[in-house]
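Data first, discussion second: the structure below is written as structure tokens.
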Amino acid sequence: MLRVHFGELDLARLRMASRPDALWETVLSFHRLREKRAATVYGEWRSLARNRVNGEARLLAPLIPSRGYFPDFLTPAEGVFGCDSAMEALRATPRERLHAETARLPAARLPSWIRDLAQGERRALDRLTAALSSYHEAAIAPYWPRLQARIEADRAVRGRALLDGGADGLLGSLPPTMRWRPPVLEVDYPVDRDLELGGRGLLLQPSFFCRRTPVTLYDPGLTPVLVYPVEHTPRAAPPRPPAHHAPTLRPAPAPRSAPRPAPGPGAARSLGRLVGQTRSAVLQGVGGGCTTSELARRVGVSLASASQHASVLRDAGLVLTLRRGSAVLHTLTPLGAALLRGGAPAQSSMPERSTPATM
């Protein structure tokens, strides 16, 4: 079990990551790639990703074992800004840190290029970043919209818990693998460990490819982060990418407070003609997240009608629905938000990982 110890200042500095982290998803997906479990969620992705990945898996395997420790430098804080920023941070890793963190890997199984990496050799570091970038391009980038949608849905649930109950409500809303018993967050974990936050706060990072138990950094001196699995449904598996996919490594930024997307000029009228006025109003009513009861009130329809319309939009890939206690929470997918905006680009909002803002 992992026990995360909070003080008053840590509660004030508790925050949610504003978007998926490119390298946490990349590294954790590498675990999912090599196992056979959770086929309902990852099975199709696993089959397709194995066909797209070339020699990267063989190269990275000694550095990212199928279980247990992997170096912290593989998941720099800059991963939340996208793969390019993460690779720049990885290239800047000091030699002393490369040596210390690779030294914790089983020495008998380390190939020569990782031993060179431990000595800070630039060629080995370039080889690592090239392999990670290539793997991300092949296995993660094609599926980013669905991955992002699941994480945005989780953020909506946590944001509502924060508004309703403050930091206590947010911590109490986390998945069952984490239990808030003030002032300690108990986390299911493969080893027994205590993490003293010491006034630094905690970054909560929801992850699509994290499975069952949360993950944290090995080094307690680094900025504390807790990566935890989002809720998966039978429809959560990433879809088959387009045949001529041209992925971008930079995810579309998401607003920090998930406001309702504003329809572009004429978009509301066009959307109404496309899907019907009531269903268009339901899509707009979902906005940054709402329960079925709230949706019914916003649109002015019955509870049964709101539920039916939300179900149709969910089947069309425009809405995601997560259960929160006895209620359900509906959120827009990136496709739903884009449709509501009439194709206009989303407003940019750069996340701030070091500020005490909670969302």
Side-chain angles (χ1 to χ4, degrees), residues 1-21 80 149-189 194-208 210 212-216 223-233 254-260 285-298 319-332 349 351-359:
M1 177 185 293
L2 170 68
R3 292 170 293 274
V4 184
H5 299 266
F6 284 78
E8 291 184 6
L9 190 55
D10 298 308
L11 289 173
R13 291 178 174 173
L14 176 67
R15 56 211 186 277
M16 283 290 302
S18 59
R19 64 185 79 178
D21 186 294
V80 76
R150 302 306 304 182
I151 290 175
E152 282 300 312
D154 184 90
R155 275 176 46 81
V157 171
R158 307 305 155 215
R160 180 168 290 258
L162 175 68
L163 291 173
D164 290 347
D168 281 323
L170 171 57
L171 290 169
S173 77
L174 293 172
T177 53
M178 296 174 278
R179 297 162 296 280
W180 176 232
R181 291 172 178 157
V184 177
L185 180 65
E186 296 180 351
V187 182
D188 290 350
Y189 206 66
D194 288 273
L195 177 59
E196 299 283 350
L197 298 179
R200 296 173 295 169
L202 179 68
L203 176 69
L204 294 170
Q205 177 69 62
S207 167
F208 186 92
C210 183
R212 293 177 57 187
T213 57
V215 186
T216 191
T223 301
V225 57
L226 187 63
V227 182
Y228 66 90
V230 298
E231 177 186 341
H232 289 298
T233 66
R256 292 173 62 86
S257 56
R260 297 189 195 182
V286 170
C290 64
T291 65
T292 306
S293 297
E294 290 168 341
L295 181 60
R297 289 196 296 269
R298 289 177 184 179
V319 167
L320 274 175
T321 301
L322 293 180
R323 181 162 294 280
R324 181 181 176 233
S326 59
V328 294
L329 185 67
H330 308 290
T331 62
L332 294 178
S349 177
E352 301 175 16
R353 291 182 61 134
S354 59
T355 67
T358 50
M359 289 294 290

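Sorted by first and then second residue, the pairs that involve residues 158-185 and meet ring pair (Phe, Tyr, Trp, His ring centres under 6.0 Å), not counting sequence neighbours, are Phe6-Trp180.
Using modelled atom types, no side-chain atom of Thr331 and backbone atom of Ala156 make a donor-acceptor pair closer than 3.5 Å. Between the side chain of Arg3 and the backbone N or O of Leu195 there is no donor-acceptor pair closer than 3.5 Å. With hydrogens and angles disregarded, no donor-acceptor distance shorter than 3.5 Å links the side chain of Arg297 to the backbone of Leu295. Proximity of a side-chain donor or acceptor of Asp10 to a complementary backbone N or O of Arg200 within less than 3.5 Å is detected.
The line from CZ of Arg155 to CG of Leu204 is 11.0 Å long, rounded to the nearest 0.5 Å. Between atom CG of residue Asp21 and atom OG of residue Ser207 there is a gap of 8.5 Å, rounded to the nearest 0.5 Å. For the atom pair CG (Leu9) and CZ (Arg13), the distance works out to 4.0 Å, reported to the nearest 0.5 Å. Once rounded to the nearest 0.5 Å, the distance linking OG1 of Thr213 with CG of Leu2 reads 10.5 Å.
No donor-acceptor contact under 3.5 angstrom links the side chains of Thr291 and His330, judged on distance only.
When all heavy atoms of Ala17 and Gln205 are compared, the closest pair comes out as CB-OE1, 3.0 Å. Residue Leu329 comes nearest to Gly289 through the heavy atom pair CD1-C, 4.0 Å, listed as atom of the first residue, atom of the second, then distance. Between Leu226 and Val187, the shortest heavy-atom distance links the atoms CD2-CG2, 4.1 Å. Taking each heavy atom of Ala149 and Leu320 in turn, the nearest pair found is O-CD1, 3.1 Å. Pairing each heavy atom of Cys210 with each of Pro229, the nearest pair is O-CB, 3.0 Å. Across all non-hydrogen atoms, the minimal contact from Val230 to Pro206 is CG1-CB, 3.7 Å.
Between Leu203 and Val80, the closest side-chain pair of non-hydrogen atoms is not below 4.5 Å. Two residues are said to be in side-chain contact when any heavy atoms from C-beta on lie closer than 4.5 Å; Arg181 and Glu186 meet this criterion. At least one side-chain heavy atom of Leu174 sits under 4.5 Å from a side-chain heavy atom of Leu185. For the pair Asp164/Leu162, no side-chain contact is recorded, criterion being any heavy-atom separation below 4.5 Å from C-beta on. Within the 4.5 Å cutoff, the side chain of Arg298 has heavy atoms near those of the Cys290 side chain. Inter-residue side-chain proximity for Val227 and Thr216 is flagged as unmet; no heavy-atom pair is nearer than 4.5 Å. Using a 4.5 Å cut-off on side-chain heavy atoms (C-beta onward), Pro175 and Glu231 make no contact. At least one side-chain heavy atom of Val4 sits under 4.5 Å from a side-chain heavy atom of Leu197.
Under a 4.0 Å N-O distance rule, the pair Arg212/Asp188 does not qualify as a salt bridge. Between Arg150 and Asp154, none of the side-chain N atoms (NZ, or NE/NH1/NH2) sits under 4.0 Å from a carboxylate O, so this pair counts as no salt bridge.
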Under the criterion side-chain hydrogen bond (donor to acceptor under 3.5 Å, both in side chains), I'd like the reasoning laid out for Ser173 against Arg158: C-alpha separation, chi angles, the key distance, then a yes or no. CA-CA 7 Å; Ser173 77; Arg158 307 305 155 215; 3.3 Å; yes

